[in-house]
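Encoded as structure tokens, the structure appears first; notes follow it.
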Amino acid sequence: IFALAAVAISSRTVHDFPPIPSHARVSLECMCAYLMYDTGVGVIFGFESSPALMLVHHALGLVTELQMLLSGFGAFTTMVVHLAEFTTPFLHLSWALLRRSRG
């Protein structure tokens, strides 16, 4: 399935995809900035989890976001992923509260 999708995408040019709406472009740009910031902070101060996995995670995320920003392909799907990422602060808050309650 991946190979078929890659062939289908590779036959298209940037001009084949519809333009990215302004709100989606802002979201993509903010996510790129966040990924660069978070990677820098992780490199300087250390990642809490596996550094190699976090670097790979952030690098893949940044490459994907930039690809969508430059080509327009997948912008709607990215907005759905960003909506899912909206819950991340609540997840981190729950970890902090659990850690604090355990003393």
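Please read these numbers as outputs of a predicted model, since none were measured by experiment. Every heavy atom of this structure was used, including side-chain atoms; hydrogens, water molecules and symmetry mates were not.
- The CG atom of Leu69 sits 10.0 Å away from atom OG of Ser27, with the distance rounded to the nearest 0.5 Å.
- For the atom pair Leu66 CG and Met31 CE, the distance stands at 11.5 Å (nearest 0.5 Å).
- Annotation: the span from Leu28 atom CG to Glu65 atom CD amounts to 5.5 Å, rounded to 0.5 Å.
- Between the His58 side chain and the Met54 main chain, a donor and an acceptor come within less than 3.5 Å of each other.
- Under a 4.5 Å side-chain heavy-atom cut-off, the cluster of Ile, Leu, Val, Met, Phe, Trp and Tyr residues that includes Val56 is completed by Leu60.
- Applying the side chain to side chain donor-acceptor pair (under 3.5 Å) rule to Tyr34 yields the partners Asp38; only residues at least two apart in sequence or on another chain are considered.
- For Leu55, the side chain to side chain contact (heavy atoms under 4.5 Å, CB included) partners two or more places apart in sequence, or in a different chain, are Thr39, Val43, Phe47.
- Taking the side chain to side chain contact (heavy atoms under 4.5 Å, CB included) definition, one finds that Val41 meets it with Tyr37, Phe45, sequence neighbours left out.
- Through ILVMFWY side-chain contacts below 4.5 Å, Val26 is grouped with nothing and stands alone.
- For Thr64, the side chain to side chain contact (heavy atoms under 4.5 Å, CB included) partners are Met68, not counting sequence neighbours.
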